[in-house]
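Below is one structure; the comments refer to it alone.
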Amino acid sequence: MDMTSVCNRTTELNDWVERYRSYAALGSCADYIPALRKADPSQLGICMIGADGTIVKAGETESPFTIQSISKVIGFMAACLSYGIEAVLEYVDVEPTGDAFNSMIRLELHKPGRPFNPMINAGAITIASMLPGSTAESKLEVITALLEALTGKSLTCNQEVFQSEWQTAHRNRALAYCLKEMNCLQSDVEVALEVYLKQCSVEVTVEDLARIGMILGCDGYDPLRKEQLVAKDIVRITKALMLTCGMYNASGKFAAFVGVPAKSGVSGGMMAAVPPRAKSRELPFPDGCGIGIYGPAIDKYGNSTAGHMLLKHIAQAWDLSVC
Ligand SMILES: NC(=O)CC[C@H](N)C(=O)O
């Protein structure tokens, strides 16, 4: 994209950020993880990175935040890279649930069963337990290594958020014990939980999420470094999971009205992967792009209220839907 287009797109994005910022009032910061309560709910920032390397940013884009459930995308891909897709799908299915991200109900309803998909907590804890290595450190390292390969930088775990969640993870602990009893976990409960909660506490910026989203949009190929970072078949399944399960039990509505593979987290982060769109050459980012958004006020489903509205607007204006 040339400099004039970047300036024009930035102006548009800035206008839309200011238009949708007030939607934060429809939600609030997650409070079941005490450390997340401290975020400023009125913040809204976005970064888009195109396959040609163009970066467009608007709003507050420099604040780091914890990746939370967006890490489920990375955990799933890391497991598939380690064992192959077929082996991983023996432990988690690829079906949407329509239930809350931390729901236990289906674990009881289907026996013998396995978590419905890796984008809900039951699936992500199962994935965390099966990563290579026998300790929490070694399993976490597999996820961090992939995250760092995708973002191209080293990342840190926010210890305050991790401790805060570790001490209050009653439901996740219950889920993990239930999974253990059903023989779904490949490690001790505490190891699986530590990996899962630490992967959720890794700090990222909207630019990091946009970079990962762009690579997923390009089927695992990084056009900037000219390197296939994740196999195409793994990325295709991951994007299908993002489209059908990425926004928890609002995924159907999100697919219908926004239409891009995306994943959200309770800290208010959102990551979207936009593939190339041959019919939209006159619109921005025709060769695909990644989008990272941060808006810490979330709705009852756990999705950023302002972020959701902002992404919906951009997807319509710039024809980003894959549907
Ligand atoms: N939806 C989320 O982002 C949930 C992640 C959070 N760490 C939890 O397990 O509750």
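Source: prediction; values computed, not measured. Atoms within a ligand are numbered from 1 in the order they appear, just like the ligands themselves.
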Kindly compute the distance separating CD (Gln228) from CG (Asp219), expressed to the nearest 0.5 Å. 7.5 Å

Can the positive tip of Arg277 be found less than 6.0 Å from the middle of the six-membered ring of Trp318, inside 45° of the ring normal?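 Negative - Arg277 is either too far from the ring of Trp318 or too far off its axis.
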
If we check side chain to side chain contact (heavy atoms under 4.5 Å, CB included) with Ile291, which of these qualifies: Leu209, Val56, Leu311? Leu311

Report the residue from Leu140, Ile143, Val191 that forms a side chain to side chain contact (heavy atoms under 4.5 Å, CB included) with Leu131. Ile143

Could you tell me if the side chain of Glu148 sits less than 4.5 Å from the side chain of Leu155, heavy atoms only?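 Leu155 reaches Glu148 side chain to side chain.
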
Pairwise side-chain contact, Val204 with Thr66, heavy-atom cut-off 4.5 Å (strictly under): no

Please check if any side-chain donor atom of Thr11 sits under 3.5 Å from a side-chain acceptor atom of Asn8, or the reverse. no

Write out the residue and atom name of the closest protein heavy atom to [atom], then the distance separating them to 0.1 Å.
atom                    : result
atom 10 (O) of ligand 1 : Tyr32 OH, 2.5 Å
atom 1 (N) of ligand 1  : Tyr248 OH, 2.6 Å
atom 4 (C) of ligand 1  : Ser69 OG, 3.1 Å
atom 9 (O) of ligand 1  : Tyr196 OH, 2.7 Å
atom 8 (C) of ligand 1  : Glu165 OE2, 3.0 Å

Check whether Asp222 reaches the backbone of Lys226 with its side chain - one donor and one acceptor, N or O, closer than 3.5 Å. no

Counting N and O atoms only, with roles assigned by atom type, does the side chain of Asp52 sit under 3.5 Å from a partner on the main chain of Met1, one being a donor and the other an acceptor?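 Yes.
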
For ligand 1, is any non-hydrogen atom under 4.0 Å from [X]'s backbone (N, CA, C, O), its side chain (CB onward), both, or neither?
X      : answer
Arg171 : neither
Asn121 : side chain
Cys200 : side chain

Counting only nitrogen or oxygen atoms and a 3.5 angstrom limit, does Ile33 reach ligand 1?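 The answer is no, given that Ile33 and ligand 1 share no N or O pair closer than 3.5 Å.
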
Return yes or no for this condition: an N or O of Gln68 is under 3.5 Å from an N or O of ligand 1. yes

So if I count the atoms of ligand 1 from 1 in the order they appear, which ones are less than 4.0 Å from some heavy atom of [X]?
X      : answer
Gly265 : 3 (O)
Asn172 : 8 (C), 9 (O), 10 (O)
Phe101 : 1 (N), 4 (C), 10 (O)

Strictly under 4.0 Å, does any heavy atom of Asn102 approach an atom of ligand 1? no

